[in-house]
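So the structure is just underneath, and the comments pick up after that.
Here, residue 1 is the first one in the sequence, and each next residue gets the next number. All figures in this text were calculated on a predicted structure; none of them were measured in a lab.
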Amino acid sequence: MINNTYDADSISVLEGLEAVRKRPGMYIGSVSTKGLNHLIHEIVDNSVDEHLAGFCSRIEVYLEKDGSCTVIDDGRGIPVGMHAKGVPAERLVFTTLHAGGKFDDTVYKTSGGLHGVGSSVVNALSVYLDIEISRDGYVHHDRYERGIPVQELSDGLLPKVQKTKETGTKIRFLPDPEIFEKTAFKAEEVKSRLHETAYLNPELTIVFEDRRGQETERIVYQEPDGLVGFVKELNHSQETVHDVVHFKGESEHIAVEGAFQYINEFHENVLGFCNNIYNAEGGTHITGFKTIFTTIINNYARELGILKEKDANFTGADVRNGMTAVISIKHPDPRFEGQTKTKLDNQDASKAASKVAGEEIQRYFDRNLDTLKAVIGCAEKAAKIRKSEERAKTNLLAKQKFSFDSNGKLANCESRDASRCEIFIVEGDSAGGSAKTARNRTYQAILPIRGKILNVEKASIDKVLANAEIKTMINAFGCGFSEGYGNDFDITKLRYDKIIIMADADVDGAHISTLLLTLFYRFMPELIYEGHVYIAMPPLYKAMPSRGKEEYLYDDRALETYRKKHTGVFTLQRYKGLGEMDSEQLWETTMDPESRRLKQVEIEDARLASSVTEMLMGTEVPPRRQFIYENAVDAELDI
Ligand code: TSJ
């Protein structure tokens, strides 16, 4: 009887394992670098949960030389005692899908995260996962390989390998190259997420080390100022209008915290987090905050006589003109919806955010009239510009509705079936010319763009709209654009299923891609959410062996492999730019759907692009060069 139960359990464990390894995307989103990095966050989130429960103050994350990742915390240590099912509790954590909740006495679960997976998924997708749990006076050891336990138990329990007075959990795992397209973690993304976590948890210390290079890079993230520090950091290079306003409270068992500060720019940046998870698509907490904020400002504006009886209210977008804000809530049972399952859906979160923000912000403004007046001043400016822009915009779009080929630059395709059509945005006239010759004109359109397009992160909307390249692009796509002021974007009108950025694999190319991504991110984010934006990946080399077929090599790793495989003599041609390829080569390597490589742009890429654009555009030249260089190299490897 006991044996049967045990067998049934191990069968279901194996089935779970197989399910995860068969369809990893279902559990971690994708098997690209994003999915790979997701493994780290999935593990770290457990330590953050332990912090939220009040038992952990330090988390260490190490990227190891062998490609593995180590995560250490000083929490209570995963329970190791015998569980009712006859195995150590820890074994269930790592072998049962969605085990978390069973022993989880933390109030707030991060398990409602992007894909709601757990440590068992990371385990199933790792060549090895090694565990040391310090608690009850000992270090307990366990180990899995591709999800299967390989550590012998003694009397049904984990072996104690050492005495200790400490407590905590240490996990080291190596992602399986059989599963992941690429197995090198992207440090920049890990760092940015850890930094974010530090801001969201002011009493937590997070240590990061990248031990993979010649020299170890070590960073200690510690942000005692929390959300206030976060907003300051977001605004660090901006002209601010007042001190950061902070508010905090609880309603319906939901903890709500926020901070905001206005800058002298026509730009709104409101970030939402639920249980430390970033909500790229916003959600109910954000709506609740925005709605109450608009009401508060309109009420004050009338009270102060800034809005007269005959005046219309400020719109929400007016009121948030120049606002940088972070809203972070802790919800006991979060639900997510939306294209990327990052939009908070709980109605009570809207109520709680609105109640806490409403009460606290009014209290603040009652005592800080200068800040209030500065904020209302931003809204007034926005309302004024909105009114004149509404006119300008209608004129612009009306005039150009049917003339998007007017400046002769767009070579449109013949088909009007959007699901088949593609538009290549090509840097430079010479590459543009080759692309026009090379393309399949039935369904491929070419839009050459020259030089650097406007940095939309900095420019106000009228400048953006005045830019010729941007105008042509908006007109070509056919779906308008959206900014704070109204929302005229209509994705159903999109004329192309794929928008493909084709830029050189060098510094300038990386720069222009970054600017384009920023433009899309700010004015047409749905294009990215719905997966319409791609980056073309031209090859870096062409290898021509003295005997045999020539071959295009898309990155340095491919070149390395090629060198190992081909013992004979071969000539290597390095492509410096798209312009070096004739139209036939360009077609074959970069445009032909049968043989080309495209990288689908994910919202995280665009968010990163947008946040670095400002730095790229700054006046300090040295860090900027370095950044572009590092990322240009990255882009080469990241295929
Ligand atoms: F994800 C994971 F399981 F791999 C993992 C868990 C990874 C890492 C790096 C840390 C952790 C983890 C789990 N750190 N701390 C904990 N804590 C518990 O699991 C724990 C400890 C004690 C009690 C209790 O009720 O006494 C409850 C829990 C959930």
Side-chain angles (χ1 to χ4, degrees), residues 227 230-242 244-245 247 258-273 278-298 301 313-328 342-344 353-354 357 361 371-372 374-390 393 454-465 480-489 517-526 528-529 603 606-607 609-611 613-614:
L227 294 191
F230 199 165
V231 168
K232 275 190 187 156
E233 166 60 23
L234 291 169
N235 283 349
H236 77 277
S237 59
Q238 306 282 350
E239 184 195 328
T240 58
V241 175
H242 61 89
V244 179
V245 180
F247 58 91
F260 67 87
Q261 183 183 42
Y262 281 72
I263 54 171
N264 203 1
E265 289 278 337
F266 293 95
H267 182 34
E268 160 188 341
N269 189 17
V270 181
L271 308 180
F273 294 83
Y278 173 60
N279 306 118
E281 298 172 278
T284 44
H285 49 342
I286 296 296
T287 337
F289 165 72
K290 284 183 174 177
T291 310
I292 195 70
F293 198 83
T294 309
T295 309
I296 292 176
I297 296 300
N298 276 308
N313 270 352
F314 294 123
T315 65
D318 291 343
V319 161
R320 291 187 300 277
N321 169 40
M323 176 189 253
T324 303
V326 178
I327 309 300
S328 167
T342 60
K343 185 173 181 182
L344 186 67
S354 158
I361 292 172
T371 305
L372 172 62
V375 169
I376 296 180
C378 293
E380 280 182 284
K381 261 202 271 180
K384 216 167 170 184
I385 292 183
R386 165 171 56 87
K387 285 170 195 157
S388 67
E389 275 179 357
E390 272 165 5
K393 201 164 88 179
L454 190 68
N455 175 14
V456 295
E457 200 55 49
K458 275 250 175 286
S460 69
I461 191 166
D462 47 341
K463 276 216 208 110
V464 171
L465 289 174
F481 63 95
S482 65
E483 228 256 331
Y485 311 112
N487 190 343
D488 292 342
F489 188 84
L517 288 186
T518 304
L519 172 78
F520 297 158
Y521 179 67
R522 274 204 56 196
F523 294 101
M524 303 168 241
E526 283 96 332
I528 301 172
Y529 283 129
I603 197 72
R607 189 156 81 102
S610 162
S611 74
T613 300
E614 190 268 318

Exercise. Identify, with sequence neighbours excluded, every residue that meets side-chain contact (heavy atoms from CB on, under 4.5 Å) alongside Ile361.
Key: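 By the side-chain contact (heavy atoms from CB on, under 4.5 Å) rule, Ile361 matches Phe247, Phe260, Phe289, Phe293, Ile296, Ala357, Phe365.
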Practice problem: With sequence neighbours excluded, tell me which residues meet side-chain contact (heavy atoms from CB on, under 4.5 Å) with Thr294. | Solution: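 In terms of side-chain contact (heavy atoms from CB on, under 4.5 Å), with neighbours along the sequence ignored, Thr294 is linked to Asn298, Val319, Arg320.
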Interatomic spacing from [atom1] in [X] to [atom2] in [Y] - rounded to 0.5 Å:
X      : Y      : atom1 : atom2 : answer
Ile286 : Thr291 : CD1   : OG1   : 10.5 Å
His267 : Asn321 : NE2   : CG    : 11.0 Å
Ile297 : Asp318 : CD1   : CG    : 11.5 Å
Asn279 : Thr284 : CG    : OG1   : 8.5 Å
His285 : Lys290 : NE2   : NZ    : 10.5 Å

If you look at every heavy atom in [X] and [Y], which pair is closest and at what distance?
X      : Y      : answer
Ser328 : Leu227 : CB-CD1, 4.1 Å
Ala317 : Glu268 : CA-OE1, 4.5 Å
Gly288 : Ser354 : O-CB, 3.7 Å

Practice problem: Could you pull out all residues at least two apart from Asn235 that satisfy side chain to side chain donor-acceptor pair (under 3.5 Å)? | Solution: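 Partners of Asn235 by the side chain to side chain donor-acceptor pair (under 3.5 Å) criterion, ordered by chain and then number, come out as Gln261, Thr324.
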Self-check item: Ile603 side chain reached by Thr342 side chain, heavy atoms, under 4.5 Å
Solution: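 Thr342 does not reach Ile603 side chain to side chain.
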Quiz item: Mind checking what makes ring pair (Phe, Tyr, Trp, His ring centres under 6.0 Å) contact with Phe314, not counting sequence neighbours?
Solution: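 Expected list: none.
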Self-check item: Counterpart residues, ring pair (Phe, Tyr, Trp, His ring centres under 6.0 Å), relative to Tyr278 (two or more places apart)
Solution: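 Scan of Tyr278 (ring pair (Phe, Tyr, Trp, His ring centres under 6.0 Å), adjacent residues dropped) gives Phe273.
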Quiz prompt | Full working for side-chain contact (heavy atoms from CB on, under 4.5 Å) between Leu271 and Leu234 | solution = CA-CA 11 Å; Leu271 308 180; Leu234 291 169; 3.9 Å; yes
Quiz prompt | Passing option when Tyr262 is tested against Glu239, Gln238, His242 for side-chain contact (heavy atoms from CB on, under 4.5 Å) | solution =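 Filter result, single survivor: His242.
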